[in-house]
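What you see is a predicted model, and the numbers here were worked out from it, not measured in a lab.
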Amino acid sequence: MSDIIHLLPDHIANQIAAGEVIQRPASVVKELMENSVDAGAESIIVNIKDAGRTLIQVIDDGKGMSETDARMAFERHATSKISTVEDLFSLHTMGFRGEALASIAAVAQVELRTRAKDGDVGVLLSVSGSVLDSVEPAVCNRGSVFSVKNLFYNVPARRKFLKSNETELRHILTEFERVALVHPHISFALRHNDSVIFELPACGLRQRIIDVFGKGMNQKLLSVDADTSLVNVHGFVGRLDAVKKRGSLQYFFVNGRYMRHPYFHKAVMQAYEQMIPVGEMPDYFIYFTLNPSTIDVNIHPTKTEIKFENERPIWQILFSGVREALAKSNSVPSIDFDMTEVIDIPVYNPSKDRIVNAEPPEIEVNKEYNPFQNRMGKKTSGDWEALYEGFENERAMITLPDREFGSENAGADDAPISPDEHVFTSEISSSNPGEPLFSEISNPCFQYKRRYIITPLKSGLVIIDQHRAHVRILYEKYLGNINRHRSASQKLLFPEIVEFTAAEASLLSSLNDEIRFLGFDLAYMGGNSYAIHALPADVSGGNPAELIKNVVAAAIESGAGETEKQAEKMALSLAKATAIHSGKILAAEEMDALVASLFAIETNGLTPDGLPVLTILTDEELSKRM
């Protein structure tokens with residue numbers, strides 16, 4: 001008899017499966033909502049307590065279950081969707097593997113209250129750690145109420161590694177939005193700690209997108225429609241003037257299921273190619289409908305990665321559909337031959353409009369005209385050298401001095417500049433190639449191509465990217481303000497309203513201090529709307545709403561709860577948005593101040609995201625090139 005190989009007990013096998021299917025509270029929300037959709041629900045309500053740690057409750061008015069079905073639902077591989085192998089290749093439902101409820105029950109205390117459509121009385125089941133505690137009759141409405149309490153109560157290591165409530169709630173919102181966006185005919189509600197986050201009535205697809213992400217989306221969406229025998233592609237893409245650097249809303253759905261697909265993402269981006277700035281991203285909500293036998297949804301535990309049989313032709317259809325949507329909206333330049341209200345210009349007809357006895361025009365020449373005679377009628381003296389008076393002096397003004405700053409052989413006029421005249425001593429960070437040492441930086445500074453600042457050193461020339469340098473300077477300033485809990489703001493004459501998404505709004509409470517120390521003053525206006533009363537002191541122009549949304553989006557990307565990383569991302573986002581850009585002409589004083597501020601920073605060789613700020617062209621390198 002073997003004493004090495006043995007079968008795992010069911011409760012341990014279920015916990016292992018739970019590790020694949022139930023990664024965090026958001027996974028439970030996704031699985032239960034999808035079950036409600038498959039049950040034919042017309043209304044789904046999700047109640048959350050403490051970001052899902054304490055309670056996740058999903059209420060639906062679907063077809064419900066009998067007592068026998070309710071018991072079977074918690075067994076592994078129990079499903080109502082598959083009877084034969086062929087069923088795997090004709091699925092139109094969300095869940096199908098029969099692992100979700102068993103996995104949830106393995107790591108939580110679950111209570112199910114359900115009644116079938118034709119049942120007179122419902123049933124109440126209680127399951128804890130895969131063990132059925134009780135089954136009893138219950139009075140309830142048709143449908144199901146799943147209550148998942150104390151998630152990971154019996155797996156303390158998993159519970160310990162859950163993120164902050166803000167992070168976990170944001171993941172729940174993401175899963176909720178994905179399900180709601182693909183089923184606009186179903187009404188959805190989401191409440192967290194008894195506060196309503198979403199209240200979405202049944203509606204059309206465009207209205208559902210607007211309800212989820214705010215009424216500002218209405219003017220930004222362009223319809224995409226491409227119907228072929230292979231696939232039907234429909235949905236919406238963002239206008240060219242609505243692109244942004246971060247926080248773009250990008251969704252693919254296939255047969256009612258959310259998916260990620262980098263290859264199809266490239267098709268959308270290529271449709272926008274050369275029409276939007278590099279680094280900008282459009283919103284899109286693209287829905288594919290095709291024969292389920294041509295796709296495989298079972299290649300990933302969360303079923304968010306899907307394999308397509310005809311990827312290349314679908315890519316072409318998607319690209320053409322998006323391109324056509326942009327063209328129809330006049331986003332793609334086109335020639336308009338509109339002939340309404342045009343001026344009636346007569347056309348010359350040689351047979352009718354023949355001119356008789358026409359003579360060619362005569363040309364008159366003034367033979368007395370002297371082009372070398374001045375305005376007073378006197379001839380120039382022929383002293384051509386006088387035309388170049390002052391030229392040498394002007395040329396000298398734009399020539400780099402050939403002295404070495406601070407050299408021992410400098411004359412009286414070339415003496416080293418005193419500290420009062422902005423001499424800056426700094427060492428470039430070790431991250432800069434070559435690790436050169438700046439002994440002295442001094443005037444003059446010169447701007448090249450409206451992008452670079454060039455200034456001489458003792459050993460050569462330093463070339464500084466003005467935008468990256470300013471980003472580095474502002475980043476240090478903003479991050480310093482956050483760390484030292486101080487701010488400088490400027491009041492707006494008229495407050496501006498900014499509308500956040502639910503995910504962004506859920507994070508704002510944890511970012512109050514960082515936002516305030518950056519210089520923003522926000523006032524809550526209800527829902528997901530805020531009024532901007534003040535901006536950072538050195539910010540001028542631009543769109544205040546877009547500015548604060550980019551800052552919040554940067555915090556979301558860094559991950560809620562990671563305070564230090566959030567502050568860095570927010571400071572960098574604001575610095576990039578407010579720094580001077582390439583193409584701006586700088587006065588000598590501005591260049592001096594920029595160089596002075598840059599070399600007052602300890603780490604000045606790279607931007608916070610790793611781009612070089614400056615480079616050194618040494619005398620030795622110059623000599624080799626001459």
message = Quick check for you: to the nearest 0.5 Å, what is the distance between Tyr272 atom OH and Leu240 atom CG?
response = 6.5 Å

request  = Look up atom CZ in Phe146 and atom CG in Leu125, then write down how far apart they are to the nearest 0.5 Å.
outcome  =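 Those atoms lie 9.0 Å apart.
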
May I ask you to test the [X]-[Y] pair for a side-chain heavy-atom distance under 4.5 Å?
X      : Y      : answer
Gln250 : Pro282 : yes
Glu504 : Ile556 : yes
Asn550 : Lys245 : no
Phe188 : Val46  : no

Is the shortest side-chain N to carboxylate O distance from [X] to [Y] below 4.0 Å?
X      : Y      : result
Glu166 : Arg170 : no
Asp513 : Arg516 : yes
Glu499 : Lys215 : no

message = Would you say the rings of Phe253 and Tyr287 are close, in the sense that their centroids are separated by under 6.0 Å?
response = yes

Pairs under 3.5 angstrom only: tabulate donor-acceptor contacts from the side chains of residues 261-270 to other protein residues two or more places apart or in another chain.
{"from": "His261", "atom 1": "ND1", "to": "Phe264", "atom 2": "N", "distance (Å)": "3.4"}
{"from": "His261", "atom 1": "NE2", "to": "Glu311", "atom 2": "OE2", "distance (Å)": "3.0"}
{"from": "His265", "atom 1": "ND1", "to": "Tyr284", "atom 2": "OH", "distance (Å)": "2.8"}

task = Can you sort out the partners of Lys244 under side chain to side chain donor-acceptor pair (under 3.5 Å), two or more places apart, ordered by chain and number?
result = none

inquiry  = Walk me through whether Asp194 and Lys49 qualify under salt bridge (Lys or Arg N to Asp or Glu O under 4.0 Å).
reply    = CA-CA 8 Å; Asp194 299 324; Lys49 299 280 188 182; 3.2 Å; yes

query = Which one of Lys163, Arg159, Arg24 satisfies the salt bridge (Lys or Arg N to Asp or Glu O under 4.0 Å) criterion with Glu168?
reply =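 Of all the options given, the one that passes is Arg24.
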
key: Stepwise salt bridge (Lys or Arg N to Asp or Glu O under 4.0 Å) test for Glu568 and Lys565   = CA-CA 5 Å; Glu568 292 172 356; Lys565 192 173 182 180; over 6 Å; no

ask   = Testing Tyr251, Phe252, Phe236 for ring-ring contact (aromatic ring centres under 6.0 Å, His included) with Phe285, which one passes?
value =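 The ring-ring contact (aromatic ring centres under 6.0 Å, His included) with Phe285 is passed solely by Tyr251 among Tyr251, Phe252, Phe236.
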
